[in-house]
Amino acid sequence: MQQRQSLAAIGQRYTDIVWAAGLFEGEGCIYVPSNRPNGCCLQLEMSDLDVIEKYAKIVESDLVRPRKTLNKTQKKQTWILAITKRSEVLRILKMFLPHFGKRRAEKAIEAINHLNEIIN
């Protein structure tokens, strides 16, 4: 019985990772901040707080914050999760990489290589 529950938990974790990778591929971005050229940022911004909170739980982050300023074309409050800690960026990219399409996988590999060059 306990083994079945463990297998179910592993299956759910895998499903959650695939869901989060798909969400990030469609709505997220990978970039090197101009004020941190030796770093890298994974950012996801959206107006659905429940969805970004689910994503944050899956990637094990509690950094969700509201966008402070709304521009004239923006009618809804949006929420941002930006991860810049090198070890976390690497962990998440490696977790998502097998589930990315070609373009996003290339960008992820570029970011991983950039961070590995800085570390070594």
Side-chain angles (χ1 to χ4, degrees):
M1 176 80 156
Q2 187 172 357
Q3 184 179 11
R4 191 176 301 152
Q5 289 174 335
S6 294
L7 290 174
I10 291 168
Q12 183 61 53
R13 176 72 179 147
Y14 178 77
T15 301
D16 288 345
I17 290 168
V18 172
W19 176 87
L23 180 67
F24 185 82
E25 180 155 14
E27 300 293 330
C29 66
I30 304 168
Y31 69 96
V32 175
S34 58
N35 64 342
R36 295 186 67 213
N38 292 331
C40 189
C41 182
L42 304 180
Q43 184 172 305
L44 180 71
E45 180 175 2
M46 57 190 339
S47 60
D48 298 314
L49 179 58
D50 61 323
V51 175
I52 203 166
E53 285 176 336
K54 178 180 177 180
Y55 173 86
K57 184 177 179 185
I58 293 166
V59 299
E60 300 172 4
S61 176
D62 59 357
L63 301 173
V64 176
R65 60 181 168 71
R67 174 170 286 287
K68 290 190 167 105
T69 56
L70 298 176
N71 61 41
K72 293 178 186 197
T73 61
Q74 202 172 6
K75 297 184 185 334
K76 288 183 175 180
Q77 173 67 57
T78 60
W79 305 89
I80 300 171
L81 173 60
I83 298 171
T84 57
K85 186 175 179 185
R86 211 175 275 154
S87 60
E88 292 301 294
V89 170
L90 286 169
R91 179 183 64 81
I92 293 165
L93 287 177
K94 289 175 183 177
M95 180 172 61
F96 287 175
L97 187 57
H99 311 291
F100 283 158
K102 184 180 181 208
R103 187 180 64 80
R104 185 61 59 135
E106 288 171 354
K107 186 73 173 172
I109 290 167
E110 183 182 309
I112 290 167
N113 288 338
H114 173 72
L115 291 173
N116 282 336
E117 285 174 12
I118 295 164
I119 293 169
N120 296 326

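What you see is a predicted model; the values in this text were computed from it and never measured. Both backbone and side-chain heavy atoms feed into the values below; hydrogens, waters and symmetry mates do not.
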#### Entry: Nearest-0.5 Å distance, CG of residue Leu115 to OG of residue Ser87
10.0 Å

### Task
Look only at the side chain of Arg104 and the backbone of Gly28, and say whether a donor-acceptor pair between them is shorter than 3.5 Å.
yes

### Task
Starting at NZ of Lys107, measure out to CZ of Phe100 and round the result to the nearest 0.5 Å.
12.0 Å

### Task
State the NZ-CG distance between Lys85 and Leu90, to the nearest 0.5 angstrom.
11.5 Å

### Query
Residues in side-chain contact (heavy atoms from CB on, under 4.5 Å) with Ile109, at least two apart?
Leu97, Asn113

Side-chain donor-acceptor distances from residues 42-60 under 3.5 Å, at least two apart:
from	atom 1	to	atom 2	distance (Å)
Gln43	OE1	Tyr31	OH	3.2
Glu45	OE1	Arg67	NH2	2.8
Glu45	OE2	Arg67	NE	2.6
Glu45	OE2	Arg67	NH2	3.3
Glu45	OE2	Thr78	OG1	2.7

### Message
What verdict does the salt bridge (charged side-chain N to carboxylate O under 4.0 Å, His left out) test give for Glu88 and Arg91, after you've listed the backbone C-alpha separation in whole Å, the side-chain angles of each residue and the deciding distance to 0.1 Å?
### Response
CA-CA 5 Å; Glu88 292 301 294; Arg91 179 183 64 81; 2.7 Å; yes

### Task
Please answer: with hydrophobic residues joined when any side-chain heavy atoms are less than 4.5 Å apart, are Ile83 and Trp19 in the same cluster?
yes

### Message
Measuring from atom NE2 of His99 to atom OH of Tyr14, what distance do you get when rounded to the nearest 0.5 angstrom?
### Response
4.5 Å

### Over all atoms of both residues, closest heavy-atom pair of Ala82 and Arg65
CB-NH2, 4.5 Å

### Query
Measuring from His114:NE2 to Ile30:CD1, what's the distance to the nearest 0.5 Å?
12.0 Å

### Task
Check the hydrophobic clustering (I, L, V, M, F, W, Y; side-chain heavy atoms under 4.5 Å; chains of links allowed) and say if Phe96 and Ile112 are grouped together.
yes

### Task
With sequence neighbours excluded, tell me which residues meet side chain to side chain donor-acceptor pair (under 3.5 Å) with Thr84.
Arg36

### hydrophobic_cluster_shared for Leu23 and Ile92, side chain cutoff 4.5 Å
yes

### Message
Just verifying a value: how many Å separate Ile17 CD1 and Phe24 CZ, rounded to the nearest 0.5 Å?
### Response
15.0 Å

### Message
For the backbone of Gly101 and the side chain of Glu25, can you confirm whether one donor and one acceptor N or O come within less than 3.5 Å of each other?
### Response
yes

